[in-house]
Number of protein chains: 2
Amino acid sequence: MSIEDKQKPQRNDRVTIRTVATHAGVSVAAVSKVMRNAYGVSDALRARVTDSIEALAYRPSRAARGLRGRSFTIGVLLIDIRNPFLPEVIAGVNGVLAPSHYQAMIGVSDARVQLETSLIESMIDYKMDGLILVAPRLPSEILAKFAVQIPIVAVGYHDASATAFDTVNADDQRGAEIAVEALLACGYRDIEMLSLGERQGHAVSVVRQREIGFRRAMQRGGLGSSPAIGKIPIASPKREEAMRKFLSRKDRPRAVFCWSDLDAITLLSLAMEMGVRVPDDLAVIGYDNSPTAALGLVNLASIDQSGRELGQVATRALISRIEGRTASEHIFQIPSLVSRNSLTRSGNSTDR
Amino acid sequence: MSIEDKQKPQRNDRVTIRTVATHAGVSVAAVSKVMRNAYGVSDALRARVTDSIEALAYRPSRAARGLRGRSFTIGVLLIDIRNPFLPEVIAGVNGVLAPSHYQAMIGVSDARVQLETSLIESMIDYKMDGLILVAPRLPSEILAKFAVQIPIVAVGYHDASATAFDTVNADDQRGAEIAVEALLACGYRDIEMLSLGERQGHAVSVVRQREIGFRRAMQRGGLGSSPAIGKIPIASPKREEAMRKFLSRKDRPRAVFCWSDLDAITLLSLAMEMGVRVPDDLAVIGYDNSPTAALGLVNLASIDQSGRELGQVATRALISRIEGRTASEHIFQIPSLVSRNSLTRSGNSTDR
DNA sequence: GACGAGTTGTAGAACGTTCTCCATATAACG
DNA sequence: CGTTATATGGAGAACGTTCTACAACTCGTC
């Protein structure tokens, strides 16, 4: 009320918790209590404070919150923003988060381990409340080390033995089996898989899981003990080259299971260009059931794992962990087949 | 056990600036100076401190930094993560940021003004150093209000009169003109545009700009003073419905310019299903030159605006603004045509 | 030797929250 | 009326940085 007070208001025009406290005629601690709806607040006080908050349009500073307590933000780490499967996961996360007071911040690692590490560290340094890592590249021990500092749920990361963090996956082994079974049911016997040729592909990755499922289903179907699995490079000039080579092989198989729609669609495209008829000369089945696969022009049969659902489940798991759960959870979803013309002329879509 | 507890004032094992200071035998302020490489540090001191930082694997807390000074993070706001054009922008941003000490955090607004506002506020509350807003929905006055609190660069937002923030755009009017000119050059005269039917579509949006360019080029080509512009709803059941209706019109035009590849590709797909031959019955030209458009199966002619480049330019502009520039900049890029089979049989791709 | 100028390092006050005590007021009980 | 329990509000110490003063020391220079 004295001269000092008169001189102070000229500072910053940011509305802080102190501004609210002054406006409501209560202490800073009281305002904080109301915000966190902590114990020991009378209805009258609560009303007065919420009114002031409203009137001043006060928003707590996330930075300051993070310094002391929770920041009400969860970090999402994406390996690659181009894969059309990932937006679905985000949609699922945002859907669950929307009605809550949490918000998602996304980091994109471009599949570089270096960047992945530094993004995770940044998110920890921001004191985010939890992390959803989508198909991370880092080994399990490292993730476990991070998980000590912050709740973590890994999506598309097969490590059911992890105790420090949760995992949410579609059953990729089963998905591959379903694909093979569908091909067998259509009468194809000469089947190969086209997988991803990555250097750092560890056993926990979805790709390796799909390979395992592929092998098992092939053996179970009596098609040899070590079925052929071709590797497609990631980067662009070599990628198409490898596919063309595959398509022009004289001993090209009759059907192919492709690890991802991303590659399956390009394969379909190149097949058309090279005059290889689908499905008459080559049946193709992809993975992810991406929007593009559903296009009439493309009409690619694919294994559907609902990215949206994966995102939702992961978010719920993360929140429960943030709120105190310590035992780790490992959740599986069962994928399903979406049949289309690339599998057989009587797919579920238009056939001309 | 209890003794250990007593002796454990070491509390959390987090390495802070204080830990480093103790380890190096200097003051906290000295460490801070080295970090910020501020004036008044001897080589000897610097060496000692950097050694300690290295030895302790110290990372400054972003939360604490944000509370006081810069946080070395820039926020990117995406309207919609599904549009394949946006990942390109992100790639551009990350490319420029990678060698610097800045990092990008992404928020997804799903085109909801409410969420857009709250994400921007959150990013401000995190004391991020700057914001890149991609195709924001908020009106210019509101953005200007935010821009007082934080440096802002808007991408895909046509408001060259804004003084509070920068804009980076492809020249969408010109892009539409190029599309029309290409159609004219192929001999088509009966041309319509398919645009986006959005309620809140304000004049600054790229869509409206493309409409303006379309009209101007049509008039210039002597094709009427108010050429037809159809509107396609965003949401999924009505969207396809509107396209089918368009395709089955008896007075269907001979050529169509579509505001986005997203819709153009679906249109192509539906055209095939309905037996409308492209380009023989209907020529189509899209916008964005998305990866899918380039597929042999799709072969969609499209206007290319390099999203990557847009992202790069925007990031550089933002950094220069963070580092002190106050005069606003409004940058334009010129788009170009990528001709493919949907425009004419002699597109630049395979024609059989 | 006194004085300024320059250089190098430090103390300590912010920043805006959370949250643990602690003080006070009121109610309950004997 | 004491005494004790219980409900309510507040003081103030963190949290980990940044950054402004300022202290201390070294050189020249007059």
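Excluded from the calculations below are hydrogen atoms, water molecules and symmetry mates; all remaining heavy atoms, backbone and side chain alike, are included. Since the structure is predicted, the reported quantities are computational estimates derived from the model, not experimental observations. We name chains A, B, ... by the order of the sequence lines, and we start the count at 1 in each one.
- At a threshold of 4.0 angstrom between heavy atoms, the contacts of Thr16(A) are confined to the sugar-phosphate backbone, with no base atom among them.
- Residue Arg14(A) places its side chain closer to dG16(C) than to any other of dT10(C), dT17(D), dG16(C).
- Between Arg46(A) and Asp51(A), none of the side-chain N atoms (NZ, or NE/NH1/NH2) sits under 4.0 Å from a carboxylate O, so this pair counts as no salt bridge.
- One atom, CZ of Arg65(B), and another, C1' of dG16(C), lie 19 Å apart when rounded to the nearest Å.
- Rounded to an integer number of Å, the gap from CG of Leu45(B) to C1' of dT7(C) is 13 Å.
- In this structure, NZ of Lys127(A) is placed 9 Å from P of dC15(D), rounded to the nearest angstrom.
- Heavy atoms of Arg59(A) sit under 4.0 angstrom from primed sugar atoms or phosphate atoms, though from no base atom.
- Side-chain atoms of Val26(A) lie closest to dG10(D) of the nucleotides dC19(D), dG10(D), dT10(C).
- Using a 4.0 Å cut-off between charged side-chain N and carboxylate O, Arg59(A) and Glu121(B) make a salt bridge.
- Residue contacts for Ser42(A): at a heavy-atom cut-off of 4.0 Å it reaches the sugar-phosphate backbone alone, with no base atom in range.
- Between Ala64(B) and Ser27(B), the residue whose closest nucleotide on DNA chain C is further toward the 5' end is Ser27(B).
- When rounded to the nearest whole Å, the span between CG of Asn37(A) and P of dT18(C) equals 12 Å.
- Candidate nucleotides dT17(D), dG16(C), dC19(D) were compared by shortest atom distance to the side chain of Tyr58(B), and dT17(D) ranks first.
- In this structure, Arg18(B) atom CZ and dT17(D) atom C1' are separated by 9 Å, rounded to whole Å.
- Distances were taken from every side-chain heavy atom of Arg68(B) (C-beta onward) to each of dG12(D), dG16(C), dT18(D); the shortest belongs to dT18(D).
- Among the nucleotides dT10(C), dT8(C), dG16(C), the one closest to the side chain of Tyr39(B) is dT8(C).
- For the pair Ile331(B) and Asp166(B), the minimum side-chain heavy-atom distance is 4.5 Å or more.
- Side chain of Lys33(B), nearest nucleotide from dT17(D), dT17(C), dT10(C): dT10(C).
- Taking the side chain of Ile17(A) as heavy atoms from C-beta on, and the options dT10(C), dT17(C), dG10(D), the nearest nucleotide is dT17(C).
- Rounded to an integer number of Å, the gap from His101(B) NE2 to dT17(D) P is 16 Å.
- Ion pairing of Arg137(A) with Asp110(A) is absent here, as no side-chain N (NZ or NE/NH1/NH2) approaches a carboxylate O to less than 4.0 Å.
- With respect to the salt-bridge test (charged N to carboxylate O, under 4.0 angstrom), the residues Arg321(A) and Glu329(A) do not qualify.
- The CG-P distance, from Leu67(A) to dA13(D), rounds to 17 Å in whole Å.
- Closest to the side chain of Arg36(A), out of dT18(C), dG16(D), dG9(C), is dT18(C).
- Counting any heavy atom pair closer than 4.0 Å across all strands shown, Ala30(A) reaches sugar-phosphate atoms only and no base atom.
- Of the candidates dT17(D), dG16(C), dT18(C), dG16(C) carries the atom nearest the Ser61(A) side chain, counting heavy atoms from C-beta on.
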**Request:** Apply side-chain hydrogen bond (donor to acceptor under 3.5 Å, both in side chains) to Tyr102(B) and Thr315(B), showing your working.
**Result:** CA-CA 11 Å; Tyr102(B) 285 95; Thr315(B) 308; over 6 Å; no
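- Look at OH on Tyr126(A): it is 17 Å from P on dG16(D), rounded to the nearest Å.
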